[in-house]
**Q** 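Sharing a structure, written as structure tokens. Questions coming.
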Amino acid sequence: MPTIPVGILGATGMVGQQFIALLANHPWFRVEWLGASQRSEGKAFADAAAWRLASPLPDDVARRQVDAATPGRAPRLVFSGLDASVAGEIETAFADAGHIIVSNSRNHRMDPTVPLLIPEVNADHLALLDAQAAKHGWKGRIVTNPNCAVIVLAMALAPLRQFGLKTTTVTTLQAISGAGYPGVPSWDILANVVPYIGGGEEEKVETEANKILGSLVSGSVSLHPVIVSATTTRVPVHNGHTASVSVGLDQKPTIEAVIDAWRSFSGRPQALQLPSAPPRPIVYMTELNRPQPTLDVNRDGGMTVSVGRLRRCPVLDYKFVALGHNTIRGAAGAAILNAELMHSEGLL
Ligand SMILES: NC(=O)c1ccc[n+]([C@@H]2O[C@H](COP(=O)([O-])OP(=O)(O)OC[C@H]3O[C@@H](n4cnc5c(N)ncnc54)[C@H](OP(=O)(O)O)[C@@H]3O)[C@@H](O)[C@H]2O)c1
């Protein structure tokens, strides 16, 4: 199959670098264009970016010149890992000019005509793209993936909808790679826990899951009624957002039924055997001290959510721990899976 050229907006950042690493040997997509800020424009990528990943920077990308983040020279399909302070305007300009933007940034996520996708959970929300064309008049399209903590939470909650999911409390322990590079100063994070993440992190966790878990009714998303209460914290972990979750359910399933719901959970990426799809989106771990970021975050290339420690909650019904890789399943890998789904559905 001939490969599809792609661009990366925000290529020099943490998420941009993860795009480059994940696309290095991708069977369908090849990186042909890199865009970032004026600080990087005109420089070779290796000079513009501080490469922070363990996998080697591909030679062709290292030599490639970084372009301005303006439409015109990029291929039709563009992944975005832009800073949220500029992503809204730049992504709109690209969509207006006919590009298909598959974005990580928060700016367009809650637009009712923009799919907020987790392909295993709500692949049918791609149908919103029809309404997007009508509302915005863009020649291109914008598709988004959720906030990195929300992806972990929403994937763990999706199989629980069948039990009448009604309330959720979540406390996250989020990795420093989630703050970009250079991110949180070492003085603030070493041997410490910071009980606040800026940029409206808790508000995102409390609202995005309702859209993701919602159902498509007459061409728009009917929000899922689950009420989410979130506390988000930053911890001295490189990669991997952990979430301690309690859920209230209308029905009273057995522990075995809940575990079975996670273990049997599967979706369009698995049915279509998309290149980035993990064999099982959720792995339930029986060891009492798992999941842990250092041991479990890279399972299946970082695309699996690991869940464990399911037990009765004396306040709500059940409580458990979930973990996912924030820059892979929570960002670049999620966006690549979205684009793979769109390609399979004939939307590219
Ligand atoms: N890190 C995560 O785990 C994660 C997960 C999910 C979603 N996200 C979201 O993904 C986006 C990127 O996050 P990150 O962690 O990769 O941030 P980052 O490391 O700070 O990278 C930000 C990128 O945006 C570019 N940029 C900044 N200002 C710009 C401007 N005025 N014009 C054009 N480009 C500009 C930067 O280019 P220069 O290098 O040239 O300045 C850089 O490439 C954010 O919206 C974030 O919320 C991050």
Side-chain angles (χ1 to χ4, degrees), residues 7-22 31 33-53 61 64-71 74 78-94 101-109 116-118 142 144-154 172-184 197-201 203-205 208 232 234-235 237-243 293 297 302 323-338:
I8 303 171
L9 273 166
T12 49
M14 280 309 300
V15 173
Q17 294 186 21
Q18 202 57 262
F19 273 123
I20 289 165
L22 295 174
V31 176
W33 182 88
L34 306 169
S37 76
Q38 284 182 341
R39 188 189 67 74
S40 307
E41 185 185 340
K43 293 182 184 167
F45 181 84
D47 297 328
W51 186 253
R52 306 314 305 166
L53 300 182
V61 176
R64 191 175 286 281
Q65 189 173 310
V66 179
D67 202 353
T70 45
V78 176
F79 293 107
S80 171
L82 282 173
D83 191 86
S85 62
V86 294
E89 218 172 293
I90 294 175
E91 291 176 0
T92 299
F94 272 72
I101 299 291
V102 183
S103 173
N104 280 278
S105 302
R106 67 167 183 257
N107 309 63
H108 294 283
R109 282 182 195 144
L116 180 54
L117 270 194
I118 301 178
I142 297 179
T144 58
N145 55 256
N147 163 278
C148 42
V150 174
I151 293 190
V152 178
L153 177 69
T172 66
L173 301 92
Q174 300 186 207
I176 50 176
S177 58
Y181 184 81
V184 191
I197 296 178
E201 193 77 356
E203 290 74 12
K204 286 182 247 176
V205 178
E208 289 182 14
T232 57
R234 187 77 69 195
V235 296
V237 163
H238 273 124
N239 295 303
H241 289 354
T242 301
V297 77
L323 165 75
H325 197 304
N326 52 295
T327 63
I328 300 181
R329 185 75 219 205
I336 292 169
L337 193 63
N338 285 350

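Whatever order the structure lists them in is the order used to number ligands and atoms, beginning at 1. Below, each value reflects all heavy atoms present in this structure, side chains not excepted, and no hydrogens, waters or symmetry copies.
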**Q** Do Pro293 and Leu323 come within less than 4.5 Å of each other through their side chains, counting heavy atoms only?
**A**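 Yes; the side chains approach each other to less than 4.5 Å.
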
**Q** Within the supplied structure, the quantity of interest is the number of heavy atoms (other residues, nucleotides, ligands) at a distance under 6.0 Å from Glu89 CD; does it exceed 12?
**A**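 Not more than 12 within 6.0 Å, no.
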
**Q** Can you tell me which residue and heavy atom of the protein come closest to atom 17 (O) of ligand 1, and the distance to 0.1 Å?
**A**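 Protein heavy atom at minimum distance: Gly180 CA, 4.0 Å.
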
**Q** Less than 3.5 Å between some nitrogen or oxygen of Gly10 and one of ligand 1, yes or no?
**A**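 Such a contact does occur with ligand 1.
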
**Q** Identify, by atom number and element, the atoms of ligand 1 in contact range of Asn326, meaning under 4.0 Å from any of its heavy atoms.
**A**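 It comes down to these atoms of ligand 1: 3 (O), 5 (C).
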
**Q** Would a 4.5 Å heavy-atom cut-off, applied to side chains only, mark Thr92 and His108 as touching?
**A**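 In contact.
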
**Q** Arg39: heavy atom below 4.0 Å from ligand 1, yes or no?
**A**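 Under 4.0 Å: yes for Arg39.
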
**Q** With a 4.5 Å heavy-atom cut-off, do Ser105 and Glu91 have their side chains touching?
**A**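 Yes. Closest side-chain heavy atoms under 4.5 Å.
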
**Q** Is Ala87 in contact with ligand 1, taking contact as a heavy-atom separation below 4.0 Å?
**A**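 So Ala87 does not count as touching ligand 1.
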
**Q** Checking a contact table here: which protein heavy atom is nearest atom 2 (C) of ligand 1, and how many Å away?
**A**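 Ranked first by proximity to atom 2 (C) of ligand 1 is Gly178 CA, 3.7 Å.
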
**Q** Taking the side chain as every heavy atom from C-beta outward, state whether Gln18 and Ile328 have any atom pair closer than 4.5 Å.
**A**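 Yes. Closest side-chain heavy atoms under 4.5 Å.
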
**Q** Checking the N or O distance criterion of under 3.5 Å, is ligand 1 in contact with Asn147?
**A**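 N/O-N/O distance under 3.5 Å: no.
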
**Q** Got an N/O contact under 3.5 Å between Met14 and ligand 1?
**A**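 Yes, Met14 has an N/O under 3.5 Å of an N/O on ligand 1.
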
**Q** Starting from atom 36 (C) of ligand 1, what is the nearest protein heavy atom, named by residue and atom, and what distance separates them?
**A**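 Answer, as residue, atom name and distance: Thr12 OG1, 3.9 Å.
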
**Q** Would you mind telling me if ligand 1 is within reach of the side chain of Ala48, the backbone, both or neither, using heavy atoms under 4.0 Å?
**A**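 Near ligand 1, Ala48 shows nothing, with every heavy atom at 4.0 Å or more.
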
**Q** Distance under 4.0 Å to a non-hydrogen atom of Ser40: what atoms of ligand 1 satisfy this?
**A**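 What qualifies from ligand 1 is 38 (P), 39 (O), 40 (O).
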
**Q** Are Leu9 and Ile101 side-chain neighbours, meaning at least one heavy-atom pair lies under 4.5 Å?
**A**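 Counting from C-beta outward, Leu9 and Ile101 do come under 4.5 Å.
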
**Q** Should you measure from each heavy atom of Tyr181, which atoms of ligand 1 turn up under 4.0 Å away?
**A**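 Every atom of ligand 1 under 4.0 Å from some heavy atom of Tyr181: 19 (O).
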
**Q** So which heavy atom in the protein is nearest atom 13 (O) of ligand 1, and how far is it from that ligand atom?
**A**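 Answer, as residue, atom name and distance: Val15 CG2, 3.8 Å.
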
**Q** Under 3.5 Å between any N/O of Ser105 and any N/O of ligand 1: does that happen in this structure?
**A**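 Yes - when backbone and side-chain N and O of Ser105 are compared with those of ligand 1, one distance drops under 3.5 Å.
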
**Q** With side-chain hydrogen bond (donor to acceptor under 3.5 Å, both in side chains) as the criterion, how do Glu201 and Asn147 come out once you've worked through the C-alpha distance, each side chain's angles and the decisive distance to 0.1 Å?
**A** CA-CA 8 Å; Glu201 193 77 356; Asn147 163 278; 3.1 Å; yes

**Q** With heavy atoms of Ala331 as the reference, note each atom of ligand 1 found under 4.0 Å away.
**A**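 Those qualifying, in numeric order: 5 (C), 6 (C).
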
**Q** Among all protein heavy atoms in this structure, tell me which lies nearest to atom 21 (O) of ligand 1, with the distance rounded to 0.1 Å.
**A**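 Atom 21 (O) of ligand 1 sits closest to the protein heavy atom Gly13 CA, 3.2 Å.
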
**Q** Go through it in stages, so that I can follow the logic: the residues are Ile8 and Phe45, the test is side-chain contact (heavy atoms from CB on, under 4.5 Å), and I'd like the CA-CA distance, side-chain angles, deciding distance and then a yes or no.
**A** CA-CA 12 Å; Ile8 303 171; Phe45 181 84; over 6 Å; no

**Q** Please state which protein non-hydrogen atom is closest to atom 6 (C) of ligand 1 and give its distance, to 0.1 Å?
**A**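 The closest heavy atom on the protein side is Gly330 O, 3.3 Å.
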
**Q** For Asp83 and ligand 1, does the shortest N/O to N/O distance drop below 3.5 Å?
**A**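 Right, the criterion is met.
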
**Q** For a 4.5 angstrom cut-off between non-hydrogen side-chain atoms, does Thr172 reach His241?
**A**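 No, their side chains stay 4.5 Å or more apart.
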
**Q** Take Leu34 and Ile20 through the test side-chain contact (heavy atoms from CB on, under 4.5 Å) and record every step on the way to the result.
**A** CA-CA 10 Å; Leu34 306 169; Ile20 289 165; 4.3 Å; yes

**Q** Tell me, do Arg39 and Val66 make a side-chain contact under 4.5 Å, heavy atoms counted?
**A**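 Heavy-atom side-chain distance check fails, nothing below 4.5 Å.
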
**Q** Can you find a protein heavy atom closer to atom 47 (O) of ligand 1 than 4.0 Å?
**A**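 Under 4.0 Å from atom 47 (O) of ligand 1, zero protein heavy atoms found.
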
**Q** Which residue supplies the protein heavy atom nearest to atom 12 (C) of ligand 1, what is that atom called, and how far is it?
**A**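 In this structure, atom 12 (C) of ligand 1 has Gly81 O, 3.1 Å as its nearest protein heavy atom.
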
**Q** Looking at atom 31 (N) of ligand 1, what's its closest protein heavy atom, distance included?
**A**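 Ranked first by proximity to atom 31 (N) of ligand 1 is Val86 CG1, 3.4 Å.
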
**Q** Considering distance alone, does some N or O of Leu82 sit under 3.5 Å from an N or O of ligand 1?
**A**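 Between Leu82 and ligand 1, an N or O pair is found under 3.5 Å apart.
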
